[in-house]
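Take a look at the structure below.
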Amino acid sequence: NMIEVSATGLALVVKASKTFPSGIFITAFADDADPLDFQPTEIVKTGVDINGNLLSWSAPAPQTVTINVPAGSEEDQNLAILLDANTAKRGRRAAGDNITMVASYGNGSTTTARNGRITNGSRGSSVAGAGRLKSKQYTFVFQDFDFTRNR
């Protein structure tokens with residue numbers, strides 16, 4: 001049985017409650033880093049009691065999501081604005097955007113991450129040894145996460 005794993009057709013919408021309430025549309029992705037990365041999330045904690053019995057307990061955990069986009073692209077420019085707006089600076093309060101991200105895949109499935117914050121990103125443009133600008137990385141953390149299967 002063949003399993004199709006093509007990622008062609010990926011599109012993201014990143015909505016930020018204050019800075020980009022209508023959303024940032026992302027369709028240009030890095031070619032030198034993973035375009036979209038959902039890091040593994042530990043959902044169960046474990047330990048061992050004094051007699052060697054395994055203990056386990058469920059613990060809510062945030063989902064970290066990283067996006068890599070081409071430096072200087074419209075996507076990069078908008079994500080840089082979002083990063084800057086949510087950066088605390090002297091004499092200015094950070095926007096504190098509540099972020100929702102919807103990933104639509106070419107096979108028709110979607111992944112939705114809600115109640116998130118942008119946590120870090122590349123503020124400058126790094127240069128690779130090959131003489132090109134390195135892709136820009138932006139990281140988010142989300143409280144709520146769900147997906148729909150392909151239709």
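Just so it is clear, the model here is predicted, and its values are computed rather than measured.
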Next on the checklist: So Tyr105 and Thr8, do their side chains get closer than 4.5 Å, heavy atoms only?
Outcome noted: no

Checklist entry - Side-chain contact, heavy-atom cut-off 4.5 Å: Glu75 with Ile67? => result no

Checklist entry - Distance from Leu10 atom CG to Ser104 atom OG, nearest 0.5 Å? => result 8.0 Å

Item to check | Distance in Å, Asn115 CG paired with Ile99 CD1, rounded so as to fall on 0.5 Å steps | outcome: 11.0 Å

Item to check | Single-linkage hydrophobic cluster, 4.5 Å side-chain cutoff, Val13 and Leu36 together | outcome: no

Checklist entry - So how far is it from Thr139 OG1 to Asn120 CG, rounded to the nearest 0.5 Å? => result 4.0 Å

Next on the checklist: Give me the atom names and distance for the closest heavy-atom approach of Ala61 to Glu42.
Outcome noted: CB-O, 3.3 Å

Item to check | Residue pair Leu82 / Val14, side-chain heavy-atom distance below 4.5 Å | outcome: yes

Checklist entry - Is it the case that Asp34 and Asn68 place a side-chain donor and acceptor less than 3.5 Å from each other? => result no

Item to check | Charged N-O contact under 4.0 Å between Asp84 and Lys89 | outcome: yes

Item to check | Donor-acceptor side-chain pairing of Gln137 and Thr66 below 3.5 angstrom | outcome: no

Checklist entry - Taking C-beta and beyond as the side chain, do Pro62 and Gln143 meet within less than 4.5 Å on heavy atoms? => result no

Item to check | Neighbour count >12 (heavy atoms, 6.0 Å) for atom CZ, Arg92 | outcome: yes

Checklist entry - Hey, any chance Tyr138 and Val141 share a hydrophobic cluster, counting ILVMFWY side chains that come within less than 4.5 Å of each other, even indirectly? => result no

Checklist entry - Is there a donor-acceptor pair under 3.5 Å between the side chain of Gln63 and the backbone N or O of Ala113? => result no

Checklist entry - Can you name the nearest heavy-atom pair linking Gln77 to Gly72, along with the distance? => result NE2-O, 2.9 Å

Checklist entry - Going by heavy atoms in the side chains, are Ile81 and Thr19 under 4.5 Å from each other? => result yes

Checklist entry - Is there a side-chain contact between Arg123 and Leu83, using heavy atoms and a 4.5 Å cut-off? => result yes

Checklist entry - Looking only at atom types and distance, does a side-chain atom of Asn78 sit under 3.5 Å from a main-chain N or O of Ile24, one as donor and one as acceptor? => result no

Checklist entry - If you take all heavy atoms of Ser135 and Pro70, which pair is closest and at what distance? => result OG-CA, 4.4 Å

Checklist entry - Which value, rounded to the nearest 0.5 Å, describes the distance between Lys134 atom NZ and Asp32 atom CG? => result 8.0 Å

Checklist outcome for this item: Rounded to the nearest 0.5 Å, the CZ atom of Phe147 sits from the OG atom of Ser109 at a distance of 9.0 Å

Checklist entry - How long is the gap from OG on Ser17 to CG on Asp97, to the nearest 0.5 Å? => result 4.5 Å

Checklist entry - Is there side-chain contact between Ile26 and Val69, with heavy atoms separated by less than 4.5 Å? => result yes

Checklist entry - Is the side chain of Ser56 donor-acceptor paired with the backbone N or O of Thr46 at a distance under 3.5 Å, no angle test? => result no

Item to check | Side-chain donor/acceptor of Asn51 to backbone N/O of Asn53, under 3.5 Å | outcome: no

Item to check | Expected output: side-chain Lys18 to main-chain Ala95 donor-acceptor under 3.5 Å | outcome: yes

Checklist outcome for this item: When every non-hydrogen atom of Asp31 is compared with those of Arg132, the smallest separation belongs to OD1-NH2, 2.8 Å

Checklist outcome for this item: Applied to residues 12-34, the ring pair (Phe, Tyr, Trp, His ring centres under 6.0 Å) test, sequence neighbours excluded, yields none

Checklist entry - Are the side chains of Asp76 and Glu74 in touch, meaning some heavy atoms are under 4.5 Å apart? => result no

Checklist entry - Is Phe140 linked to Phe38 within one hydrophobic cluster, defined over Ile, Leu, Val, Met, Phe, Trp and Tyr using a side-chain heavy-atom separation of less than 4.5 Å? => result yes

Checklist entry - Has Leu54 got more than 12 heavy atoms of other residues, nucleotides or ligands less than 6.0 Å from its CG? => result yes

Checklist entry - Among all residues two or more places apart in sequence or in another chain, which pass the salt bridge (Lys or Arg N to Asp or Glu O under 4.0 Å) test with Glu4? => result none

Next on the checklist: Using the rule given for side-chain contact (heavy atoms from CB on, under 4.5 Å), can you reason through Asp144 versus Asp146, listing the C-alpha separation, both sets of side-chain angles and the distance that settles it, and then say yes or no?
Outcome noted: CA-CA 7 Å; Asp144 303 306; Asp146 54 53; over 6 Å; no

